[in-house]
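Side chains included, hydrogens not; waters and symmetry mates left out as well; all remaining heavy atoms used. Lettering of chains follows the sequences in order, A, B, ..., and the numbering in each one begins at 1. Since the structure is predicted, the reported quantities are computational estimates derived from the model, not experimental observations.
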Amino acid sequence: MRAAAIADAVIAWFGEYARELPWREQGFPAWGILVSEVMLQQTQVARVVPRLAEWLDRWPTPAALAAEPPGEAVRMWHRLGYPRRALNLHAAAVVITERHGGEVPSDVEQLLALPGVGDYTARAVASFAFGERHPVVDTNVRRVIARAVAGLAEAGPPRIRADLEAMERLLPTDRRQAQLTNAGVMELGAIVCTARAPRCDGCPINALCAWRAAGYPAYDGPRARGQARFEGSDRQVRGLVMAELRASDIPVTRTELERAWPDAEQLTRAIDTLVRDGLAVSEGDAYRLP
DNA sequence: GATGCGTGGGT
DNA sequence: TACCCAAGCAT
């Protein structure tokens, strides 16, 4: 069967060429897996590795993190981006401590209920930390399936149900083999079947690839939405404000923030949304981490 | 279902 | 150099 051939080839390749990453070490805790998966949401592996080590060194358990103010999580986040993830991780640590006896749950439904844990992260933790048999679908997996199975150059817009079903069809029955298939297909998409310049010569499934067999046709389907320009955006201003708050032990005044971004109207909008998101707290005419 | 959300690496 | 893209999530 074609799906079995793909899984077998990917598993064999993964065993030989997988990168040595902290969260793949024997005995790496479920808490560490959860933290790594949240850090990896839209953030490259190379930037995550050092921050993950610092984080787990300071907070080796969910209870340790839950005992501190959420602002400390935001500060430890440094410049990983999307700092609401740090807030989510802190809130998740509180839930895990109060409702799950301090242990990261292995059940997908319970994982999905944690703040900042969505369809990808819940199944990644269930599969990688606990060996549960669930399809894990991220941007890499979607691209590999689009090419190898559907014969398309790109995956197009995400469709959760269909994407999960497509990966499910590739998963072997055995739990361990399913886990290795999840990790292997992701890894293949990350370092071989890349978005820009795929390294098809080194691909373990190039002989099975529908896109290759079709002669690498160009993509003509619907495009995933592109990102808005960053320079001059509210996101940039929010980032600058957060950098100021992280760097200070005392509240930062509005006047000091205006030095970082002179446009008063845009600065106000950034501050207001940060306060609404719980990433900043107002204290008189100044602001600090929560 | 479309948008907003940080920061930086790769080409 | 600009631009695309990155182990997504919440609303």
Just distance, no hydrogens or angles: give the donor-acceptor pairs under 3.5 Å from side chains in residues 91-116 of chain A, sequence neighbours left out.
{"from": "A/T97", "atom 1": "OG1", "to": "A/A93", "atom 2": "O", "distance (Å)": "2.7"}
{"from": "A/D107", "atom 1": "OD2", "to": "A/E109", "atom 2": "N", "distance (Å)": "3.1"}
{"from": "A/D107", "atom 1": "OD2", "to": "A/Q110", "atom 2": "N", "distance (Å)": "3.1"}

Output a table of donor-acceptor pairs, distance under 3.5 Å, between side-chain atoms of residues 196-204 of chain A and any protein atom two or more places apart or on a different chain; print 'none' if there are none.
none

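Comment: A/R142 does not engage A/D138 in a salt bridge, judged by the lack of any side-chain N to carboxylate O separation of less than 4.0 angstrom. Looking at A/E37 and A/R85, no side-chain N of the basic residue comes within less than 4.0 Å of a carboxylate O on the acidic one, giving no salt bridge. A salt bridge links A/R58 and A/E68; the closest N-O separation between the charged side-chain nitrogens and carboxylate oxygens is under 4.0 Å. Note on A/E132 versus A/R175: salt bridge recorded, some NZ/NE/NH1/NH2 to OD/OE distance being below 4.0 Å. A salt bridge links A/D277 with A/R238: the closest approach of a Lys/Arg side-chain nitrogen to an acidic carboxylate oxygen falls below 4.0 angstrom.
Rounded to whole Å, the distance from CZ on A/R229 to C1' on C/dT1 is 12 Å. Residue A/E187 contributes atom CD, which lies 10 Å from atom P of C/dA7 at whole-angstrom precision. Regarding A/L80, its CG atom lies at a distance of 14 Å from the C1' atom of C/dG8, rounded to whole Å. Per the geometry, OH belonging to A/Y120 stands 13 Å off P belonging to C/dA6, to the nearest Å.
The shortest distance between side-chain heavy atoms of A/F28 and A/L56 falls below 4.5 Å.
If you check every strand for non-hydrogen atoms under 4.0 Å, A/G118 touches sugar and phosphate atoms only.
In this structure, the separation between CG on A/L240 and CH2 on A/W261 is 6.5 Å, given to the nearest 0.5 Å. Atom OG1 of A/T253 sits about 9.5 Å away from atom CD of A/E244, to the nearest 0.5 Å. Atom CG of residue A/L52 and atom OG of residue A/S36 lie 6.0 Å apart, to the nearest 0.5 angstrom.
Closest approach of A/A146 to A/E154, counting heavy atoms only: CB-O, 3.6 Å. Across A/V136 and A/S127, no two heavy atoms sit closer than the pair CG2-CB, 3.8 Å. The nearest pair of heavy atoms linking A/A178 to A/P172 is CB-O, 3.7 Å.
Evaluation of the side chain to side chain donor-acceptor pair (under 3.5 Å) test over residues 206-218 of chain A, restricted to residues two or more places apart or in two chains, returns A/R212-A/Y216.
Applying the 3.5 Å distance criterion, the base of C/dA2 shares no donor-acceptor pair with the side chain of A/E231.
Contacts of residues 131-167 of chain A with DNA chain C (heavy atom under 4.0 Å): A/D138, A/T139, A/N140, A/R143. Within residues 43-51 of chain A, the residues approaching DNA chain B are A/T43, A/Q44, A/R47, by heavy-atom distance under 4.0 Å. For the segment residues 16-42 of chain A, residues with any heavy atom less than 4.0 angstrom from an atom of DNA chain C are, sorted by number, A/R19, A/L21, A/W23, A/R24, A/E37, A/L40, A/Q41, A/Q42. Within residues 191-205 of chain A, the residues that place at least one heavy atom under 4.0 Å from DNA chain C are, in residue-number order, A/A195, A/R196. Using a 4.0 Å cut-off on heavy atoms, none of the residues of residues 260-283 of chain A approach DNA chain C.
Taking a heavy-atom distance under 4.0 Å as the criterion, the stretch of DNA chain B touched by chain A extends 5' to 3' from B/dT3 to B/dT11.
For A/T268, the side chain to side chain contact (heavy atoms under 4.5 Å, CB included) partners are A/R254, A/D272, not counting sequence neighbours. Every residue was checked against the salt bridge (Lys or Arg N to Asp or Glu O under 4.0 Å) condition with A/R246, not counting sequence neighbours, and none meets it. Take A/W77 and apply the ring-ring contact (aromatic ring centres under 6.0 Å, His included) test, not counting sequence neighbours, and it matches A/W55.
C/dA7 and B/dT3 are spaced 24 Å apart, taking the P atom of each and rounding to whole Å. Only the P atoms considered, B/dG6 is 22 Å distant from C/dC3, to the nearest whole Å.
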